[in-house]
Amino acid sequence: MDMFVTGSYDHTVKLWDVRVTDTRSVMELNHGNPVEDVLFLPSGGLVATAGGNSVKIWDVIAGGKLMFSMDSHNKTVTSICMGRIGKDTGEESQQLRILSVGLDGYMKVFDYAANRVTHSMRFPAPLLSIGYSPDCSTRVIGTSNGILYAGKRKTKEKENEESESDQFWRIAPVEQPERKVLKPSYFRYFQRGQGEKPSRGDYLIMRPKRVKLAEHDKLLKKFRHREALVSVLGSKNPENVLAVMEELVARKKLLKCVSNLDAEELELLFRFLHKYCTMPRYSSLLMGLTKRVLEVRADDIRASNSLRGHISNLKRSVEEEIRVQQSLQEIQGIISPLLKIAGRR
């Protein structure tokens, strides 16, 4: 072949022809990044260049037209080569692929005929170089920490014995080092993953079961305030009702919810107020709410006989509670002087 290609860190790729007496290159391309490696494809009319995080294919016959750019690496592509990947037999075994390695630790296999990445492999260190044997049976990859990863394609066992040359070039399998047992004194002992099986002395911490939310809690999380109030009023737990009301007060939505209740929902509210508003535990909030409901929904109460009946019941409960409180105050007035006299003695 009378032509060769070079690449440089000045982003340029130059095509040279030894038949031309001029010292200048016959074609110049701009890769867009410092060029790490260049490669003539077997067809002779295509050139592959590697630089930055991309591998680009150029058509030199068409005047240096960019055919495709593969940008699947996350860091700088350091080396590329040609090789066969796939089955030993069939059409795929005869198709060449571009293999690229980069500082991201990935080896990518690129089918430049279909313009797609077909294979990918992750290594534990940045990769600097890659090479394939002429028969594409052995692949060697060099890393930044000085380790070589060599792999050989699996083939069917041959009946005849290997020749001396095959035995010489054969790559011996790498022995796997013994796995060290992690001890509690090691830092990595506390970084074990979820797949690590516990030992006998380990104390298992069980995750608490997920608390199932009530219907009104789900509605509050979705900011459906009126529906949450109606839902909790239908329950028989006054503490939940007070909790929802206090949450609506904090969100400044309680009066708006009350003003949007229809007649049936308003009856539910009055039943609850009639039953619990006079209880000392709940009276501080419910008495004030009762007053505001009567002010806001006065027109609806006048127009409905059932609502007026609930108001009458509520009024009787409040009057009865007032009489009880007055009786207690009278009893307190009688007992207090007696307790003072008893205290002096």
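Side-chain atoms of Ile57 and Ile98, non-hydrogen and from C-beta on, do get closer than 4.5 Å to each other. Counting heavy atoms from C-beta on, the side chains of Leu286 and Met245 come closer than 4.5 Å. Inter-residue side-chain proximity for Lys108 and Leu99 is flagged as unmet; no heavy-atom pair is nearer than 4.5 Å. Residues Arg323 and Glu320 meet the side-chain proximity criterion, which asks for heavy atoms closer than 4.5 Å.
Looking only at distances, no side-chain donor or acceptor of Arg116 sits under 3.5 Å from a matching main-chain atom of Phe110. One N or O on the side chain of Ser235 and one on the backbone of Val232 form a donor-acceptor pair closer than 3.5 Å. A donor-acceptor contact shorter than 3.5 Å is absent between the side chain of Asp59 and the backbone of Leu46. Put simply, the side chain of Asp104 never gets that close to the backbone of His73: no donor and acceptor are under 3.5 Å apart. Between the side chain of Ser54 and the backbone N or O of Ala50 there is no donor-acceptor pair closer than 3.5 Å. Put simply, the side chain of Glu246 never gets that close to the backbone of Ala243: no donor and acceptor are under 3.5 Å apart. At least one donor-acceptor pair closer than 3.5 Å links the side chain of Ser133 to the backbone N or O of Thr138. Formation of a donor-acceptor pair under 3.5 Å by the Asp217 side chain with backbone atoms of Leu213 is not found in this model. Side-chain atoms of Ser336 do not come within 3.5 Å of backbone N or O of Gly333 as any donor-acceptor pair.
In this model, no donor atom of one side chain and acceptor atom of the other lie less than 3.5 Å apart for Gln329 and Gln325. Side-chain contact, Glu267 with Ser306: a donor N or O sits under 3.5 Å from an acceptor N or O.
Aromatic ring pairs are classed by plane angle as parallel below 30°, tilted from 30° to 60° and perpendicular above 60°; the pair Trp58 and His31 is tilted. Classified by interplanar angle (parallel below 30°, tilted 30° to 60°, perpendicular above 60°), the ring pair His225/Phe223 is perpendicular.
Residue Thr143 is tested with Leu148, Leu128, Leu127 for a side chain to side chain contact (heavy atoms under 4.5 Å, CB included); the sole match is Leu127. Ser8 pairs with exactly one of Thr12, Thr6, Asp10 by the side chain to side chain donor-acceptor pair (under 3.5 Å) rule, that one being Asp10.
The NZ atom of Lys256 sits 14.0 Å away from atom CG of Leu229, with the distance rounded to the nearest 0.5 Å. Atom OG of residue Ser120 and atom CE of residue Met107 lie 7.5 Å apart, to the nearest 0.5 angstrom.
The pair Glu247-Lys253 fails the salt-bridge criterion, with no side-chain N (NZ, NE, NH1 or NH2) lying under 4.0 Å from an Asp/Glu carboxylate O.
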Glu319/Arg316 under salt bridge (Lys or Arg N to Asp or Glu O under 4.0 Å): CA gap, chis, key distance, verdict: CA-CA 5 Å; Glu319 290 175 349; Arg316 283 195 295 270; over 6 Å; no
Please step through side-chain contact (heavy atoms from CB on, under 4.5 Å) for the pair Asp299 and Arg297, ending with a clear verdict. CA-CA 6 Å; Asp299 297 336; Arg297 304 301 296 268; over 6 Å; no
Given side-chain contact (heavy atoms from CB on, under 4.5 Å), test Tyr112 with Met70 step by step and report yes or no. CA-CA 9 Å; Tyr112 58 91; Met70 179 189 70; over 6 Å; no
Dump the intermediate steps for salt bridge (Lys or Arg N to Asp or Glu O under 4.0 Å) on Asp111 and Arg97, then the final yes or no. CA-CA 5 Å; Asp111 183 1; Arg97 303 283 190 266; 3.7 Å; yes
Going through the checks in order, is the side-chain contact (heavy atoms from CB on, under 4.5 Å) test met by Thr49 and Val47? CA-CA 7 Å; Thr49 60; Val47 173; 4.1 Å; yes
Between Phe123 and Tyr106, does a side-chain contact (heavy atoms from CB on, under 4.5 Å) hold up when you go through it step by step? CA-CA 6 Å; Phe123 290 84; Tyr106 278 94; over 6 Å; no
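The aromatic ring centroids of Phe4 and Phe40 lie 6.0 Å or more from each other.
Cation-pi geometry between Lys275 and Phe272 is not satisfied (NZ or CZ under 6.0 Å from the ring centre, within 45° of the ring normal).
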